[in-house]
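Working notes, beginning with the structure itself.
Every value quoted in this text rests on a predicted model; they were computed, and no experiment measured them.
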Amino acid sequence: MLDELREFDPRVVGTLPLGLSTPTSDIDVVCHVRDAAAFAEAVWRRYRCCDGFAIYQWRSSRRPVIVRFEWDGWPFELFGDPRPVDQHEGWLHFEVERRLLALDDGSLRKAVAGLRARGMKTEPAFAAVLGIAGDPYVGLLALARESDTDLRARLERL
């Protein structure tokens with residue numbers, strides 16, 4: 001799939017590559033989509049026959065395209081946004097979560113996995129364990145700007 005979508009700089013994010021998936025997790029792929037119609041056509045041609053295929057476009061200013069389907073027994077969600085992938089909130093969340101887990105001694109992973117197993121979404125689970133008040137998505141974006149030293153200090157306070 002990544003090869004088929006290579007013109008859109010696809011990157012897998014979320015719980016599966018973090019090792020925090022649950023039986024209900026999907027595979028999230030973020031894409032850089034300069035031309036929404038071209039992206040929609042490309043995924044329509046390739047995945048329209050997949051179970052649960054649905055494609056829609058948000059009404060927000062950037063108008064990202066979201067595609068959902070099941071392929072080879074796995075649920076997928078493609079998120080196509082006109083910004084480069086490095087600027088997507090989903091990518092930034094994934095990167096800070098990856099960094100935190102790499103710096104962790106295992107206690108963060110265990111606590112987040114426990115909350116995920118009880119049905120909590122990933123970003124709220126990280127925020128709860130890290131004691132981040134307010135909107136967990138905004139809180140994790142703020143953490144993404146912190147150095148590894150600052151993140152390590154945060155983890156030591158757990």
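In this structure, the side chains of T15 and T22 stay at 4.5 Å or more apart for every pair of heavy atoms. R68 is listed as a side-chain neighbour of Y56, based on a closest heavy-atom distance under 4.5 Å. The closest side-chain heavy-atom distance from D28 to L16 is not below 4.5 Å. Inter-residue side-chain proximity for L78 and M1 is flagged as met; some heavy-atom pair is nearer than 4.5 Å. Counting only heavy atoms from C-beta outward, the side chains of I55 and V65 approach each other to under 4.5 Å. Between V138 and I132 there is no side-chain heavy-atom pair separated by less than 4.5 Å. Proximity of H32 to Q87: side-chain heavy atoms (C-beta onward) are nowhere separated by under 4.5 Å. Contact annotation: the side chain of F76 never approaches that of C50 to less than 4.5 Å [non-hydrogen atoms, C-beta and beyond].
Ion pair E89/R83 flagged as a salt bridge, since at least one NZ, NE, NH1 or NH2 atom sits closer than 4.0 Å to an Asp/Glu carboxylate oxygen. A salt bridge does not link R99 to E95: none of the charged nitrogens lies less than 4.0 Å from a carboxylate oxygen.
Put simply, CD on E70 and CG on D51 are 5.5 Å apart, with the number rounded to the nearest 0.5 Å. Rounding to the nearest 0.5 Å gives a distance of 7.5 Å between CG of D35 and CZ of F8.
A side chain to side chain contact (heavy atoms under 4.5 Å, CB included) with E97 is found for one member of V112, L140, L143 and no other, namely L140.
Pairs passing the ring pair (Phe, Tyr, Trp, His ring centres under 6.0 Å) check and including a residue from residues 104-124, sequence neighbours excluded, do not occur.
Connection of V30 to L92 is not established within any shared hydrophobic cluster, with ILVMFWY side chains joined at heavy-atom distances below 4.5 Å, either directly or through further cluster members. Using a 4.5 Å cut-off between side-chain heavy atoms of Ile, Leu, Val, Met, Phe, Trp and Tyr, with links allowed through other members, L2 and V43 fall into the same hydrophobic cluster. By the rule that hydrophobic residues join a cluster once side-chain heavy atoms approach within less than 4.5 Å of another member, I66 and F94 end up as members of one cluster. Linking Ile, Leu, Val, Met, Phe, Trp and Tyr whenever their side-chain heavy atoms come within less than 4.5 Å puts I27 and V33 in one cluster. A continuous path of hydrophobic side-chain contacts links M120 to L100 [ILVMFWY only; heavy atoms under 4.5 Å].
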F39 vs V67, test: side-chain contact (heavy atoms from CB on, under 4.5 Å). Steps then yes/no. CA-CA 10 Å; F39 179 69; V67 183; 4.1 Å; yes
Could you give me the CA-CA distance, side-chain angles and deciding distance for R34 and D9, then say whether salt bridge (charged side-chain N to carboxylate O under 4.0 Å, His left out) is met? CA-CA 11 Å; R34 292 179 191 97; D9 188 20; over 6 Å; no
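With hydrogens and angles ignored, the 3.5 Å screen pairs a side-chain donor or acceptor of R6 with a backbone N or O of D3. When atom types are taken as modelled, the side chain of R109 and the backbone of L20 share no donor-acceptor pair closer than 3.5 angstrom.
Residues passing the side-chain hydrogen bond (donor to acceptor under 3.5 Å, both in side chains) test with E4, sequence neighbours excluded: R46, Y47. A search for ring-ring contact (aromatic ring centres under 6.0 Å, His included) contacts involving H93 returns Y137, not counting sequence neighbours. Evaluation of the ring-ring contact (aromatic ring centres under 6.0 Å, His included) rule for W44 yields F53 as partners, not counting sequence neighbours. In terms of the ring-ring contact (aromatic ring centres under 6.0 Å, His included) criterion, F126 has no residue partners (sequence neighbours excluded).
Across every non-hydrogen atom of L115 and A125, the tightest pair is CD1-O, 3.7 Å. Nearest heavy-atom pair, V29 versus P10, reported as atom, atom and distance to 0.1 Å: CG1-CB, 3.7 Å. Taking all atoms of both residues into account, the shortest heavy-atom contact from V85 to W91 is O-CB, 3.2 Å. Closest non-hydrogen pair, S25 versus R116, comes out as OG-NH2, 3.2 Å.
Ring orientation note: the planes of F79 and H88 are nearly perpendicular, at an angle over 60° on the 30°/60° scale.
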Using residues 149-158 as the side-chain source, report each donor-acceptor pair under 3.5 Å to any protein atom, sequence neighbours left out, with the distance given to one decimal.
residue : atom : partner : partner atom : Å
D150    : OD2  : S147    : OG           : 3.3
R154    : NE   : E146    : OE1          : 3.3
R154    : NH2  : E146    : OE2          : 2.9

